[in-house]
Amino acid sequence: MSLHYYSLDQIAQRLVLDAKERNSDSLNQSFKMRMAIPYGLERFWGEHLRLLKKEKPKSDYWKSTWDELVEIMKKADVTIPNDLVKVDDIKGIRNMSQKLWDLDIDEQRVAIAVLTQLCDSLVWWTQRYR
């Protein structure tokens with residue numbers, strides 16, 4: 001296994017600046033994202049749906065972070081599901097959740113490790129740009 005540089009810090013800076021541009025209130029989500037990681041990929045993914053109806057800028061921040069994780073993992077030859085699911089699509093939510101739970105355990109661990117590093121960078125940049 002070789003070490004690859006995936007530009008996590010630059011991606012995090014862009015995500016934070018984009019969130020700040022949309023709505024500075026959403027920046028506090030960086031800390032919540034970091035705290036949500038231990039609960040697993042499915043819960044992290046689903047948080048954007050919970051926020052969608054009432055707090056769209058926050059939802060957008062979570063979703064854009066998830067989308068970046070998916071792209072980063074593609075570079076590592078790990079496919080993370082990213083179905084477009086609407087908040088009221090119970091069948092779609094179930095299917096997406098099952099896909100995440102069905103990931104190979106090693107792929108889950110790698111994805112969680114990468115997501116942890118990405119969110120650590122989000123927190124760092126959030127503290128700089130508040």
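Bear in mind that the values here come from a model prediction, so they are computed numbers and not experimental data.
Under the 3.5 Å distance criterion, with hydrogens and angles disregarded, no donor-acceptor pair is assigned to the side chains of Trp101 and Glu42. At a cut-off of 3.5 Å, with distance as the only test, a side-chain donor of Asp9 or Trp125 sits close to an acceptor on the other residue.
Put simply, the side chain of Ser30 does not reach to within 4.5 Å of the side chain of Arg130, judged on heavy atoms. At least one side-chain heavy atom of Asp120 sits under 4.5 Å from a side-chain heavy atom of Gln117. No side-chain heavy atom of Glu71 sits less than 4.5 Å from a side-chain heavy atom of Ile11. Here the side chains of Trp66 and His48 are not in contact, with every heavy-atom distance at 4.5 Å or above. Counting only heavy atoms from C-beta outward, the side chains of Pro81 and Leu103 approach each other to under 4.5 Å. Using a 4.5 Å heavy-atom threshold, the side chains of Leu41 and Lys99 count as separate. Contact annotation: the side chain of Leu122 never approaches that of Phe31 to less than 4.5 Å [non-hydrogen atoms, C-beta and beyond].
Taking CD from Gln29 and CG from Leu51, the interatomic distance works out to 5.5 Å, rounded to the nearest 0.5 Å. Remark: Trp45 CH2 to Asp83 CG distance equals 7.5 Å, nearest 0.5 Å. With values rounded to the nearest 0.5 angstrom, Thr79 atom OG1 is found 9.0 Å from Met73 atom CE. To the nearest 0.5 Å, the span separating NZ on Lys91 from CG on Asn95 amounts to 6.5 Å. The line from CZ of Arg43 to CZ of Arg50 is 12.5 Å long, rounded to the nearest 0.5 Å.
Ser59 approaches Leu52 most closely through the heavy-atom pair OG-CD1, 3.4 Å. Here the closest non-hydrogen pair linking Met33 and Trp62 is CA-CH2, 3.4 Å. Here the shortest heavy-atom pairing between Ser121 and Leu8 reads CB-O, 4.3 Å. The heavy-atom pair separating Tyr61 from Leu15 by the smallest distance is CE1-O, 3.7 Å. Between Leu49 and Lys86, the shortest heavy-atom contact is CD2-C, 4.2 Å.
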Run the side chain to side chain contact (heavy atoms under 4.5 Å, CB included) test on Lys75 and Ser7 for me, step by step, so that the C-alpha distance in whole Å, both residues' side-chain angles and the decisive distance to 0.1 Å come before the verdict.
CA-CA 11 Å; Lys75 294 175 187 174; Ser7 305; 5.7 Å; no
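A donor-acceptor pair is defined here as one N or O able to donate and one able to accept, closer than 3.5 Å; such a pair exists between the side chain of Ser97 and the backbone of Ile93.
With respect to Asp60 and Lys56, a salt bridge is recorded, a charged nitrogen being found less than 4.0 Å from a carboxylate O. Arg109 has a carboxylate O that lies under 4.0 Å from a charged side-chain N of Asp106, or vice versa, which qualifies the two as a salt bridge. Under a 4.0 Å N-O distance rule, the pair Glu47/Lys32 does not qualify as a salt bridge.
Linking Ile, Leu, Val, Met, Phe, Trp and Tyr whenever their side-chain heavy atoms come within less than 4.5 Å puts Leu17 and Leu27 in one cluster. Linking Ile, Leu, Val, Met, Phe, Trp and Tyr whenever their side-chain heavy atoms come within less than 4.5 Å puts Ile37 and Ile80 in one cluster. Residues Trp124 and Leu118 share a hydrophobic cluster, clusters being chains of Ile/Leu/Val/Met/Phe/Trp/Tyr side chains in contact below 4.5 Å. Hydrophobic clustering of Ile, Leu, Val, Met, Phe, Trp and Tyr side chains at less than 4.5 Å, counting indirect connections, unites Phe44 with Ile112.
In this structure Lys63 satisfies the salt bridge (charged side-chain N to carboxylate O under 4.0 Å, His left out) test together with Asp67, sequence neighbours excluded.
Within 6.0 Å of OH on Tyr39 lie no more than 12 heavy atoms contributed by other residues, nucleotides or ligands. Atom CZ of Arg14 is surrounded by more than 12 heavy atoms from other residues, nucleotides or ligands within 6.0 Å. The environment of Leu84 atom CG is sparse: at most 12 non-hydrogen atoms of other residues, nucleotides or ligands sit within 6.0 angstrom.
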